[in-house]
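Input: a single structure, listed below in structure tokens.
We name chains A, B, ... by the order of the sequence lines, and we start the count at 1 in each one. Any value given below was found using the heavy atoms of this structure, including those in side chains, with hydrogens, waters and symmetry copies removed.
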Amino acid sequence: MSFRVFVRVMPRRGLLDPQGQAVESALRALKFDQAGNVHVGRAIAFDLQADNESAARTAAIAMCEKLLANPVTEEYEIEVTAR
Amino acid sequence: MSFRVFVRVMPRRGLLDPQGQAVESALRALKFDQAGNVHVGRAIAFDLQADNESAARTAAIAMCEKLLANPVTEEYEIEVTAR
Amino acid sequence: MARAVAASPFAGEPAVTDALVREHKLTEQEYEVILDILGRTPTLTELGVFSALWSEHCSYKHTRPVLKTFPTEGPQVLQGPGENAGVLELPDGWAVAFKIESHNHPSAVEPYQGAATGVGGILRDVFTMGARPIAVLNSLRFGTLDDARNRYLFGGVVKGVGDYGNCVGVPTLGGEVTFAPGYAGNPLVNAMCVGILRAKDLIRARAHGVGNILMNVGARTGRDGIHGASFASEDLSAASEARRPQVQVGDPFTEKLLLEASLELITSGTIVAIQDMGAAGLTSSSAEMAARGGVGVELDTSKVPLREPGMTPYEILLSESQERMLVVVEPHRVAEVQAICAKWELVGTPIGQVTDDGLFRVVHDGVTVAAIPGERLVNGVPIYHPEALEAPEAIARRAATPTAAPVVDATDALPRLLDDPTIASKRWVYEQYDSTVQANTVLGPGGDAGVLMVEDAKFGLAVSVDCPNRYVVLDPYEGGKMTVAEAARNVACTGAVPLGITNCLNFGNPDKPEVFFQFREAVRGMGDACLAFGTPVTGGNVSLYNENPTGAIDPTPTVGMVGLLEDVTNRVPSSFRNPGDLIALLGDTTGHLGGSMYWWIVRDFLGGPPPPCNLDAEVRLQRFLVAAAQQGLLRSAHDLSDGGLAVALAEACIGDPYARHTLGAGVQFAVPDGMDPAAFFYGEDGARAVVSFDPASVEAVRDLAAAHGVPFTVAGTVTDPNAELRITVGTALHTWQTVELRRTYFDAIPRRMAA
Amino acid sequence: MTRVAVLRFPGSNCEPDAYRAVEREGGTAFYVFHRETDLRDADAVILPGGFSYGDYLRAGAIARFSPIMAAVERHAADGKPVLGICNGFQILCEAGLLPGGLVRNESLRYVSRPVDVRIERTDTPFTGDYRQGEIIRIPVGHGDGRFTASEETLDQLESTGRIVMRYVATGMPDVHPNPNAAVRDIAAISSPGGTVVGMMPHPERLADDMLGSSAGRRTFTSLMRWTRASVAPASS
Ligand SMILES: Nc1ncnc2c1ncn2[C@@H]1O[C@H](COP(=O)(O)OP(=O)(O)O)[C@@H](O)[C@H]1O
Ligand SMILES: [Mg+2]
């Protein structure tokens with residue numbers, strides 16, 4: 001089966017996120033003050049072949065642990081959808 | 001109401017995505033060859049106050065158009081969840 | 001001459017119609033010539049090829065006759081205009097390759113990628129000559145920073161220049177940034193690259209050897225920047241907004257691999273010729289290499305490695321995907337080339353061959369989709385001789401004088417001027433550019449010219465890029481002269497002998513007589529200055545149609561100068577060094593305020609005649625500065641330009657960008673009779689510099705100045721760290737806190753960008 | 001003669017500078033490509049600065065998987081000197097040979113300028129010829145130089161004396177002494193034994209008097225002396 005995987009890699013909670021701060025103040029400057037708690041990270045999208053959804057998820061987690069995210073500075077979330 | 005918004009900003013289809021290419025070949029080198037069509041972009045997460053979901057979405061779209069995404073080189077997707 | 005042969009349309013390709021011809025920006029007259037060249041109607045693919053090669057950007061059809069008037073010869077010239085970059089001879093078998101090029105239109109649409117790919121293109125122009133890039137410079141122009149769009153363009157361009165050059169590992173040694181209303185909506189982004197090579201390794205982009213193979217080396221081809229060449233020859237308009245998806249994305253990582261692979265291919269003698277695929281991509285690189293070599297080429301577009309499926313020959317030929325090279329190689333060495341490519345993680349793919357029929361022929365899946373006599377394709381474009389007529393308003397503005405009263409007095413004008421982003425420190429910019437990679441940076445950004453050493457060599461190089469655009473807009477001829485004079489003065493201040501120039505001529509729409517007048521006169525002025533200085537033009541680039549809805553940009557003929565320090569240990573910095581050193585002013589001060597920053601900032605007036613450029617005085621000053629440096633007489637030398645004497649003294653006191661303290665100075669001048677102190681402080685007469693030296697050397701310096709016929713006035717001394725700048729004019733004493741001047745000078749741009 | 005392997009990853013761009021700095025002090029430098037698996041009896045290894053794999057994904061994230069890195073890990077495990085400069089430091093962190101990570105400068109801008117750093121530790125192979133507490137001015141050039149680690153890791157680095165250089169203020173009135181907002185002003189750290197060192201500043205770019213200072217030279221003279229004496233690594 002073929003899956004579409006979206007990975008969201010965000011700065012670890014607690015770590016300084018200057019990009020998030022910059023975007024937040026830019027939003028305020030544009031009067032979008034209803035937005036808060038802004039954080040900026042990396043989005044990674046790819047197609048994945050796997051027997052079933054849980055296999056796909058397992059593979060995606062392995063990829064994040066090994067390459068896509070750095071546990072020291074980042075945390076990640078995975079979204080898998082069949083296609 | 002308070003919403004959590006995730007924005008995924010990816011390189012426009014058709015434009016060169018050197019970062020996606022680099023990650024794809026790195027995954028191959030690590031024997032994750034079941035992954036393909038890799039693209040890398042930015043993930044933006046924020047809280048948003050709005051009367052209802054569609055108002056929240058409308059606001060998020062405005063933010064993307066004005067600030068979060070560069071229409072020349074990027075396309076974006078928005079995910080809104082009540083909280 | 002090669003005769004035309006048949007070509008059939010690519011499957012699904014529409015027949016060529018008048019509408020299509022117009023859309024390809026070809027005039028009726030030009031289309032007539034195409035019909036005559038082919039003896040038949042072109043296929044759409046052929047039309048696209050003509051349209052690209054006959055665009056202003058590639059063909060110089062409006063400017064060639066004028067460009068021909070540049071002096072291009074000199075004993076130091078190894079390669080003049082006509083190749084990817086010019087090359088000058090250096091001591092000990094070394095040579096320097098350098099070139100400047102514009103990326104204005106792409107940067108107006110997408111500042112980050114536009115600027116980045118501009119740097120990528122100019123790097124390739126230099127390393128395709130067999131030279132290793134050792135310095136990048138950039139010349140930038142924007143509207144004023146009070147406007148958010150201009151701040152966005154400025155920030156994006158600087159980040160783009162930095163990210164690309166930093167990643168490839170070439171230090172940015174200098175540049176210039178000017179902010180003026182005349183560039184709003186049409187920023188100028190000119191990038192210069194300087195490379196060093198062994199003269200014996202010089203290689204020219206000429207295809208020869210019938211049967212030799214054409215190879216595509218580097219990135220895959222996508223639909224990027226299709227028609228970028230004709231795009232660059234078009235006024236910015238709603239239409240070009242609609243062309244947005246064409247933006248090219250740069251990949252500096254691949255560029256770095258391409259750089260190493262190309263230099264290895266060249267120095268190992270594996271290849272016959274190499275050319276980067278710049279504007280009009282595969283089409284111009286292959287057609288130009290063939291024409292230079294007097295041969296034909298046959299390309300098989302179905303063999304070109306693609307990034308996107310289903311691309312047509314038309315798209316493949318015109319794609320401006322970055323980081324690609326076209327290489328000519330003997331058939332038996334293809335495997336060697338591929339091995340070197342593989343070593344650098346790149347792919348080398350045979351995509352065609354050199355032929356003897358003089359045709360530019362394109363086949364796709366065995367079908368001939370284009371067959372054009374190559375020589376006429378490259379050189380057959382009709383040449384235009386546009387009318388040149390100065391605008392009455394320009395003449396009037398040159399004659400006018402300010403009416404508004406000064407907003408501040410002569411003393412307070414100095415901080416005002418130092419706070420203007422055009423005069424203020426550009427540290428916010430060059431701090432984002434790696435200026436020390438390669439470990440050869442002797443004098444980095446912040447001074448008059450960048451200076452670098454060459455490993456194991458005694459000599460050093462000084463590089464600078466300049467254009468006093470205010471002078472050019474007011475008087476293109478004098479301004480053209482001053483452009484070269486300022487670059488030469490900057491280089492000479494470091495102690496280097498000006499060797500030669502490259503130039504980037506940024507102008508508006510040449511069909512406007514007033515624009516073509518500016519172009520013709522500026523080139524005439526630059527040529528006269530180059531003759532006087534013995535600095536031939538080795539190449540450059542022309543960017544026309546720099547217009548936006550509000551009209552043409554200020555004419556901006558940017559000059560990139562390379563100078564030689566025979567002994568790099570003699571290099572001279574621009575700011576004061578030691579308390580107790582003597583300070584002298586070189587050159588004549590008439591208090592010329594026409595075209596000055598003072599009138600512009602303090603009296604809200606841009607006009608009057610710019611300072612006349614006295615070439616003889618400039619040459620004498622240059623020779624003095626070089627001789628004084630060679631004799632080790634000077635501790636600092638700084639030329640006078642924007643803001644005149646007071647700004648130059650302030651900058652010399654403020655010191656290096658990361659100095660731990662400023663230095664004070666105390667100087668006295670006898671006012672020339674009846675001269676307004678503001679004119680004395682801020683007048684912008686050329687051929688002047690402020691120097692400092694050990695008091696023990698005063699006789700030697702004075703005699704040397706006399707020997708060179710350079711007016712010389714000892715004005716005072718350098719005083720203590722963080723002390724005041726004190727200038728006495730006649731009986732009036734003016735004082736400034738150098739620490740505050742420094743703060744103003746370095747904070748002007750960051751403050752505005754934080755807004 | 002000290003044999004120093006200078007690694008070359010795709011996108012490295014400071015390897016010639018490191019090579020020169022080693023040879024200038026009488027060492028023998030040689031390049032080792034990322035695809036190789038053997039360090040050819042190097043006494044020491046330098047991971048140079050640059051943009052390995054374009055810094056795509058994360059600086060150093062892809063290079064750390066290069067075939068040569070297994071040999072570097074063995075070399076480090078044997079207590080032999082390893083120096084990561086800038087991108088090399090980032091690679092060592094990604095590879096887990098040094099703790100913590102290097103993230104985007106707080107300014108969100110690349111920064112190229114001199115910084116003043118204090119030598120906090122002189123018993124590493126790369127700092128022996130400096131004086132304890134000495135302050136040197138030396139260039140940085142990076143976009144991702146902000147050192148970060150968990151509080152525990154930081155405290156441990158402090159208590160075991162593994163912070164090798166810190167950014168310090170010496171009065172450049174108008175620039176921040178810490179160019180990237182690194183936590184606790186950390187510019188360089190070492191492995192527990194002190195033999196693996198990562199630093200953001202570029203000593204190899206300031207190892208020639210012609211450049212106005214040679215403050216970086218002693219990083220390499222230190223190495224020459226250390227390997228000649230080849231004393232056992234000081235452990236704390
Ligand atoms: N302003 C100029 N002065 C002198 N030579 C020029 C000028 N503009 C272009 N040329 C020469 O014309 C040739 C083609 O220029 P250009 O199209 O910019 O080169 P490229 O093909 O690298 O873009 C180059 O050799 C260049 O040096
Ligand atoms: Mg070019």
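Minimum heavy-atom separation, A:F46 to B:A35: CD1-CB, 3.9 Å. Minimum interatomic distance between A:R42 and B:A43 (heavy atoms only, all atoms of both residues): O-CB, 3.7 Å.
For A:D33, there are no side-chain hydrogen bond (donor to acceptor under 3.5 Å, both in side chains) partners at least two apart in sequence or on another chain. For A:T81, there are no side-chain hydrogen bond (donor to acceptor under 3.5 Å, both in side chains) partners two or more places apart in sequence or in a different chain.
Residue-environment remark: CZ (A:R13) stays at or below the threshold of 12 foreign heavy atoms within 6.0 Å.
Counting heavy atoms from C-beta on, the side chains of A:R8 and B:F6 come closer than 4.5 Å.
For chain A, the option among B:V40, B:L48, B:N37 with the highest count of heavy-atom pairs below 4.5 Å is B:N37. No other option in B:A56, B:A50, B:G41 has as many heavy-atom pairs under 4.5 Å with chain A as B:G41.
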task = For the pair A:E79 and B:E79, evaluate side-chain contact (heavy atoms from CB on, under 4.5 Å) and give the outcome as yes or no after the intermediate values.
result = CA-CA 12 Å; A:E79 184 186 320; B:E79 185 185 317; 3.6 Å; yes
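At a heavy-atom separation below 4.5 angstrom, chain A is approached by B:V23, B:A26, B:L27 within residues 18-28 of chain B. Of all residues in residues 61-70 of chain B, those placing a non-hydrogen atom less than 4.5 angstrom from a non-hydrogen atom of chain A are B:A62, B:M63, B:K66, B:L67, B:L68.
If you measure heavy-atom distances from B:I44 to chain A, the contacts under 4.5 Å come from both the backbone and the side chain.
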